[in-house]
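Side chains included, hydrogens not; waters and symmetry mates left out as well; all remaining heavy atoms used. Lettering follows sequence order; numbering is per chain, from 1.
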Number of protein chains: 2
Amino acid sequence: MSEKQINPLPLRLKQARTALGISQKQLGIQLGMEPGTASARMNHYEKGKHTPDYATLKAMADELGVPVAYFFCESESTAELLCLLEKMTEEEKADLVKKVTNTVL
Amino acid sequence: MSEKQINPLPLRLKQARTALGISQKQLGIQLGMEPGTASARMNHYEKGKHTPDYATLKAMADELGVPVAYFFCESESTAELLCLLEKMTEEEKADLVKKVTNTVL
DNA sequence: AGGTATACTAAGGAATCCTTAGCCTTTTAG
DNA sequence: CTAAAAGGCTAAGGATTCCTTAGTATACCT
């Protein structure tokens, strides 16, 4: 019954960071962390040792160009779709909701 | 410069809980919390006083029938779509990614 | 009124995080 | 080759946040 209870955040964070080609420390600095602590803190988050609070989560999301919810997506396709949704208007998303609702239900 | 930095979790939690018509305390108990602490803990989360760790977040999501990422959606339409995505197969989601990609880009 | 249910809060012990101070490997420069 | 720099990573303790206890307040019901 080994119910794997994996926190997606470490993986998603690493994916988004490496996509930008910057180091853990540099990302932390860009988020406004002290240069002396940025490396350790970001590494803790990426290794799942610690969990960032919401303000840090939001800052990371903005810096990485993803929505906060992206960090908690369990599947790749959902993560990808969320990033696309962020680029759409409310109207476009409302339309998509209707379409998908008819398809699924 | 009032940068609205609202944590969506309290609102989303309340939305999903009231949709089920159960009390804060009862939800906490269903998550396996001690009956003596369930009320206070759930209220803290719903008022934004404290933030649940991932295990609690996952348990809440499962019990409420939403994905964990739902708690962090800033817009209603995105929150709604995420819940629909959870009911789709990986294949269906992959197809949707393609469609949306062509629409957006 | 009395009892119950629900939402909510203060305070302190318990748990987690942030910071300091490094180590270890790989890569780059000399 | 050697040294230095860069990136990833970790232990430990002070700083911060959370969990738990205990209780208040309001509304509803009998």
Review point. Ignoring hydrogens and angles, does a donor from either the side chain of B/H44 or the base of D/dT17 sit under 3.5 Å from an acceptor on the other?
Key: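 Per atom types, no contact qualifies.
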Review point. Can you find an N or O donor on one side and an acceptor on the other, under 3.5 Å apart, linking the side chain of B/T51 with the base of D/dC18?
Key: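 Result: no qualifying N/O pair found.
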Check your understanding: From the list D/dG8, D/dT20, C/dA7, which nucleotide is the closest neighbour of the side chain of A/N43?
Key ->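 The listed nucleotide nearest to A/N43's side chain is D/dG8.
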Restricting both atoms to N or O, compile the protein contacts to nucleotides 25-30 of chain D shorter than 3.5 Å, with distance only.
none

Review point. Is the closest side-chain heavy-atom distance between A/I6 and A/L11 below 4.5 Å?
Key: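 No, too far: nothing below the 4.5 Å cut-off.
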Point to revise | B/Y45 side chain near B/K14 side chain, heavy-atom distance below 4.5 Å | key: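 With C-beta onward as the side chain, the pair stays apart.
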Can you tell me the distance, in whole Å, between the [atom1] atom of [X] and the [atom2] atom of [N]?
{"X": "A/Y54", "N": "D/dT16", "atom1": "OH", "atom2": "P", "value": "23 Å"}
{"X": "A/M42", "N": "C/dC18", "atom1": "CE", "atom2": "P", "value": "11 Å"}
{"X": "B/D53", "N": "C/dT16", "atom1": "CG", "atom2": "P", "value": "8 Å"}
{"X": "B/L57", "N": "D/dC18", "atom1": "CG", "atom2": "P", "value": "13 Å"}
{"X": "B/Q26", "N": "C/dT4", "atom1": "CD", "atom2": "C1'", "value": "15 Å"}
{"X": "B/R41", "N": "C/dA14", "atom1": "CZ", "atom2": "P", "value": "16 Å"}
{"X": "A/M33", "N": "C/dT19", "atom1": "CE", "atom2": "C1'", "value": "12 Å"}
{"X": "B/K49", "N": "C/dC8", "atom1": "NZ", "atom2": "C1'", "value": "10 Å"}

Check your understanding: A/E46 side chain to A/N43 main-chain N or O, any donor-acceptor pair under 3.5 Å?
Key ->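 Between the backbone of A/N43 and the side chain of A/E46 there is no qualifying donor-acceptor contact (under 3.5 Å).
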Check your understanding: Does the B/E92 side chain pair with the main chain of B/T89, one donor and one acceptor, at a distance under 3.5 Å?
Key ->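 Yes.
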Practice item. Report yes if a side-chain nitrogen or oxygen of A/Y45 is closer than 4.0 Å to either non-bridging phosphate oxygen (OP1 or OP2) of C/dC18; otherwise report no. Key: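 For C/dC18, OP1/OP2 do have a side-chain N/O of A/Y45 under 4.0 Å.
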Practice item. Quick one: the dot-bracket string of DNA chain C, using Watson-Crick and G-U wobble pairs with both distances under 3.5 Å, [ ] for crossing pairs and | for bases paired to another strand. Key: ||||||||||||||||||||||||||||||
**Study point:** Pairwise distance CD(B/Q24) to CE(B/M42) - rounded to 0.5 angstrom
**Key:**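 Between B/Q24 CD and B/M42 CE, I get 7.0 Å after rounding to 0.5 Å.
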Check your understanding: Looking at NZ of B/K58 and CZ of A/F72, how far apart are the two atoms once the value is rounded to the nearest 0.5 Å?
Key ->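 Separation between the atoms: 12.5 Å.
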Review point. Do A/L20 and A/I29 belong together in a cluster built from hydrophobic side chains that touch within less than 4.5 Å?
Key: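 No; tracing contacts between hydrophobic side chains, which count when under 4.5 Å, never links both residues.
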**Study point:** Connected via hydrophobic side-chain network under 4.5 Å: B/V97 and A/V97
**Key:**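 Yes, B/V97 connects to A/V97 through the hydrophobic network.
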Practice item. Sequence neighbours left out, what passes side chain to side chain donor-acceptor pair (under 3.5 Å) with B/T56? Give chain and number order. Key: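 Expected list: B/D53.
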Check your understanding: What does A/K47 touch in the nucleic acid at a heavy-atom separation under 4.0 angstrom: a base, only the sugar-phosphate, or nothing?
Key ->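 Sugar-phosphate: the residue A/K47, judged by heavy atoms under 4.0 Å, touches backbone atoms but no base.
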Point to revise | First encountered from the 5' end of DNA chain C, between B/S23 and A/T37 | key: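 Comparing both residues, the 5'-ward one is B/S23.
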Review point. Of B/H50 and B/I22, whose closest DNA chain C nucleotide lies nearer the 5' terminus?
Key: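 Whichever sits nearer the 5' end wins; that is B/I22.
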Practice item. Answer yes or no: does atom CD of B/E34 have more than 12 heavy-atom neighbours from other residues, nucleotides or ligands under 6.0 Å? Key: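 Not more than 12 within 6.0 Å, no.
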